[in-house]
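So you know, we letter chains A, B, ... as the sequences are listed, proteins then strands, and number each from 1.
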Amino acid sequence: MKKEKKINPSKELPLGFVDRQEKELLVRDFIISNIKEVMIKYGFQYLETPSFEYSDSIGKFLPDKDRPDEGVFSFRDDNKWLSLRYDLTAPLARYVAKNFLEIPKPFKRYQLGTVWRNEKPGPGRFREFLQFDADYVGTKSLQADAELCVMISEILEKCGLTKSEYIVKISSRKITEELFKKININDSQQKLTALRALDKIDRLGWNGVKELLGSGRKDKSGDFTKGANLKPKDIETIEEALKKKSPETEDLLEILKIFKDYNFNNFEFDPSIIRGLEYYTGAIFEVNLKFDVTNDKGQVIQFGSIGGGGRYDNLVNNFGNYDAPATGISIGLDRLVYALMQKTEFKIKQSKPIVICVFDKNSMKDYIAIQTIIRKAGISVEIYPSESKLKKQMEYANKINSPAVILYGENEIKSSKPTLRNLRSGKEQSIEIKELVNEIKKII
RNA sequence: GCAGCAGUAGCUCAGUUGGUUAGAGCACUAGUUUGUGGAACUAGGGGUCGGUGGUUCGAAUCCACCCUGCUGUACCA
């Protein structure tokens, strides 16, 4: 009989999906707890919406296509297309439209949730990631826009970033709109290409952007990108306009005034920031890190922004007749985690369990008794799960970074004096049970 | 998507112009020590050489296609 070749299931993960380990999750939890604290202080309410939405509810319409636009993960269910949400703003708009009459106006909500994007992953950038999003719905007041920037800044500083390590950049859609009107670009494709080119100034610099506004640009690998084919004179006009150090549009002037009242100054006017192309209508903001981020080979990489947002006055309106101007901001949490973990001074302390070694299964009652005492004191502790050689148990304790082991063998039990071994110093001491908790506290 | 580079043990990598049974370090397991981890020594396990097909007497090595990773670029609502 011939042996069938066994084909094992793949251990690999789908492109852009990753396992996340404790080290990373603890940093993430730390950020989340800071976010929640700040959200409460600023009076936002907590909301959760489902991972899936009908594709058309989150802006994915399907004209003659057998699947929704690339960029989202979708599947067909009973002739309706469902998509995994790609952000938290679109579901919010849907939620507001659905519950418009019941919710307070303005509606201030924040949300933490996984989102999915069917795009090429990069460093600190995955196809599944956690996003934080805070929005003001139902107000035109620019106080809201300004406060979002102040608030995001407070969150970042709570997470340990200093003012010199990040900056909030602001601009307004109105600037580029006026600019395009001035130089008379009507072709919408051309407008789009130009807008996208402008968005890249931080990465490519002015020369790169100029090439993209003109005939096109060849990148480092030799790949060529077509440009917007603007006239040199128009490119000059744009360059001139974007050099301006202070804003002239009314919305930004107002926001700047409010920043002043808040005594907030870690921002920068930057007319070249664009953010998404679809729904923003007014002020836009972007949060950038100012320190170098490296990959695991130590190379400095293009990291981009860790979050941003802006005013979107028409999004809720798309669903029907309710008029709900809105503004919001989001952070990609995993990107922030990735960046924070690079700061060498950034370490989150975690308490690993004390390990009680097992000499004899029949003494389990005694092990459990001291385990209970220690746990009651709120200290992490566990009994080694089997009766292995002491060496193995010690190796285990060492491996999990346990601060200490408790040796409670025949003689110790007889005298009710367990031995506590400090795994960092290697010192051992014999201790009365009632003193055990106190001694452990000295070690951890 | 496009372009460049890469893929050999869990990890980092070596492997001569195609030539027996594919190697090293670290990690892992067992022992030196039946009550002692982080050091040392000894022994051991572990590989569809990214996959599939082709060329060849013979392929980790050459060819084709595919997959995956990295970097850049595009897209990012």
Side-chain angles (χ1 to χ4, degrees), chain A residues 5-8 10-18 53 55-61 68-72 83 85-91 93 115-123 125-127 129 131 192-193 195-197 199-200 203-204 208 211-212 216-227 274-280 294-297 299-302 304-305 308 310 312 315 318 330 332 355 357-360 384 387-412 418-428:
Chain A
K5 197 173 168 185
K6 194 187 169 198
I7 296 166
N8 293 319
S10 174
K11 289 170 284 219
E12 305 310 315
L13 290 168
L15 175 65
F17 288 79
V18 286
E53 297 269 357
S55 303
D56 60 353
S57 311
I58 50 172
K60 288 289 132 191
F61 300 93
D69 205 352
E70 288 167 26
V72 290
S83 295
R85 63 185 175 204
Y86 54 82
D87 73 3
L88 299 175
T89 311
V115 303
W116 295 264
R117 292 190 186 182
N118 195 353
E119 301 167 353
K120 190 203 152 188
R125 241 190 132 163
F126 308 103
R127 298 215 287 187
F129 59 97
Q131 201 172 57
L192 208 62
T193 310
L195 217 50
R196 284 171 180 157
D199 196 31
K200 296 171 178 56
R203 261 186 310 134
L204 307 179
E211 284 169 16
L212 283 174
R217 173 179 182 271
K218 204 181 216 174
D219 72 41
K220 239 162 76 181
S221 67
D223 194 27
F224 185 77
T225 310
K226 274 202 285 184
I274 304 296
R275 300 296 301 167
L277 302 160
E278 212 80 3
Y279 55 65
Y280 291 118
T294 57
N295 62 14
D296 43 354
K297 286 176 189 151
Q299 303 162 307
V300 175
I301 51 174
Q302 289 295 343
S305 72
Y312 52 98
L315 201 56
N318 281 342
S330 22
V355 174
C357 295
V358 172
F359 291 88
D360 180 358
Y384 190 82
E387 192 189 72
S388 311
K389 283 187 180 171
L390 194 53
K391 180 179 165 124
K392 274 199 88 165
Q393 303 193 37
M394 299 285 289
E395 276 170 357
Y396 167 79
N398 192 48
K399 181 109 187 174
I400 64 165
N401 261 319
S402 166
V405 294
I406 288 170
L407 305 173
Y408 204 34
E410 207 182 331
N411 293 334
E412 282 108 339
T419 299
L420 180 68
R421 180 184 176 92
N422 181 330
L423 285 180
R424 282 188 266 274
S425 67
K427 276 181 195 149
E428 272 179 18

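- A stacking contact between F359(A) and G35(B) is absent: the pair does not combine a ring-centre distance of less than 5.5 Å to the base's six-membered ring with planes differing by less than 30°.
- Residue N411(A) places its side chain closer to G35(B) than to any other of A77(B), U73(B), G35(B).
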Are T419(A) and E412(A) close enough, and set up right, to give a side chain to side chain donor-acceptor pair (under 3.5 Å), and what steps lead you there?
CA-CA 7 Å; T419(A) 299; E412(A) 282 108 339; 2.9 Å; yes
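- A salt bridge does not link E53(A) to R85(A): none of the charged side-chain nitrogens sits closer than 4.0 Å to a carboxylate oxygen.
- Put simply, K120(A) has no side-chain N or O that comes within less than 4.0 Å of OP1 or OP2 on U71(B).
- L212(A) comes within contact range of the sugar-phosphate backbone alone, with a heavy-atom separation under 4.0 Å but no base atom that close.
- Under 3.5 Å, the side chain of E428(A) and the base of U36(B) form at least one donor-acceptor pair of N or O atoms.
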Are any protein N/O atoms closer than 3.5 Å to N/O atoms in nucleotides 43-45 of chain B? If there are, list each pair with its distance.
none

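- Across all strands shown, nothing is found opposite G58(B) as a Watson-Crick or G-U wobble partner with both distances under 3.5 Å.
- Here the nucleotide nearest the side chain of R203(A), chosen from G37(B), C76(B), U73(B), is U73(B).
- Among the atoms of the strands shown, base atoms are found under 4.0 Å from some heavy atom of E412(A).
- Put simply, CZ on R217(A) is 8 Å from C1' on U73(B), counting in whole angstrom units.
- OP1 or OP2 of G35(B) has not a single side-chain nitrogen or oxygen of R421(A) nearer than 4.0 Å.
- Residue E395(A) has its side chain nearest to G38(B) when only G38(B), A77(B), U73(B) are considered.
- Counting any heavy atom pair closer than 4.0 Å across all strands shown, Y396(A) reaches no nucleic acid atom.
- Of the side-chain N and O atoms in K200(A), one or more sit less than 4.0 angstrom from OP1 or OP2 of C75(B).
- Note on R196(A): a side-chain N or O is less than 4.0 Å away from OP1 or OP2 of C76(B).
- As the counterpart of C26(B), G10(B) is assigned, both hydrogen-bonding distances of the Watson-Crick or G-U wobble pattern falling under 3.5 Å.
- Here the P atom of nucleotide A74(B) and the CG atom of L195(A) are 14 Å apart, to the nearest Å.
- Distances shown here put a side-chain N or O of K389(A) below 4.0 Å from the OP1 or OP2 atom of G31(B).
- Nucleic acid contact for L315(A): none, since no nucleic acid atom lies under 4.0 Å from a heavy atom of the residue.
- Under the Watson-Crick and G-U wobble criteria, each requiring two contacts below 3.5 Å, nucleotide A40(B) is paired to U32(B).
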